[in-house]
Amino acid sequence: MTAEKEIATLLTRNFGVEPVDVRPEASLRELGMDSLALEELRVLLEERLRIDLEDIQLTTRETVGQLTTVVDEKTAA
């Protein structure tokens, strides 16, 4: 599964985000994510994709596209 699909799946299944709302330009804030939800998302991504995102500072200002880019870079490394 690609990073984009994994992120979309987690956002819809674990955080109740509507699939139609998961767009690259959508900010995580727009999707209702707060700092606690972002931490949970980070941990879920690490577990599911077996990557380390400890050095990534996720904020609600980031977009789905920016998060996808970071995760893609980590999975490629």
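No donor-acceptor distance shorter than 3.5 angstrom exists from the side chain of E47 to the backbone of L44, with no hydrogens or angles considered.
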Point to revise | salt bridge (Lys or Arg N to Asp or Glu O under 4.0 Å) assessment of R23 paired with E30 | key: CA-CA 11 Å; R23 304 173 324 278; E30 286 175 49; 3.7 Å; yes
Exercise for review: Could you please spell out the steps behind the side-chain contact (heavy atoms from CB on, under 4.5 Å) verdict for E6 and V71?
Suggested key: CA-CA 10 Å; E6 192 66 51; V71 172; over 6 Å; no
Practice item. Could you walk me through whether T69 and Q66 pass the side-chain hydrogen bond (donor to acceptor under 3.5 Å, both in side chains) test, one step at a time? Key: CA-CA 5 Å; T69 298; Q66 289 170 316; over 6 Å; no
Practice item. Start with the C-alpha gap between E25 and T63, add the side-chain angles, then the distance that decides, and say whether side-chain contact (heavy atoms from CB on, under 4.5 Å) holds. Key: CA-CA 6 Å; E25 68 277 4; T63 64; 5.6 Å; no
Exercise for review: Kindly indicate, with the supporting measurements, whether the criterion side-chain contact (heavy atoms from CB on, under 4.5 Å) is fulfilled by L31 and F15.
Suggested key: CA-CA 9 Å; L31 300 180; F15 300 98; over 6 Å; no
Exercise for review: Go through K74 and D52 one step at a time and tell me if the side-chain contact (heavy atoms from CB on, under 4.5 Å) criterion holds.
Suggested key: CA-CA 7 Å; K74 290 289 187 174; D52 182 8; 5.7 Å; no
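Rounded to the nearest 0.5 Å, atoms CG (L10) and CG (L49) are 8.0 Å apart. Here the CZ atom belonging to R48 is positioned 11.5 Å from the CD1 atom belonging to I7, to the nearest 0.5 angstrom. Between atom CG of residue L11 and atom CD of residue E18 there is a gap of 12.0 Å, rounded to the nearest 0.5 Å. M33 contributes atom CE, which lies 10.0 Å from atom OG1 of T60 (distance to the nearest 0.5 angstrom). Taking OG1 of T68 as the reference point, atom NZ of K5 lies at 12.5 Å (rounded to 0.5 Å).
Considering only residues two or more places apart in sequence or on other chains, T9 meets the side-chain hydrogen bond (donor to acceptor under 3.5 Å, both in side chains) condition with none of them.
The shortest non-hydrogen separation linking D72 to A3 is OD1-CB, 3.0 Å. The minimum heavy-atom distance between I56 and V70, with the atom names listed, is CD1-CG1, 3.5 Å. Minimum interatomic distance between V17 and T12 (heavy atoms only, all atoms of both residues): O-CG2, 3.0 Å. Shortest non-hydrogen contact noted between L58 and R42 is CD1-CB, 4.1 Å.
Counted within 6.0 Å of CD on E4, heavy atoms from surrounding residues, nucleotides or ligands total 12 or fewer; the atom is thus considered open.
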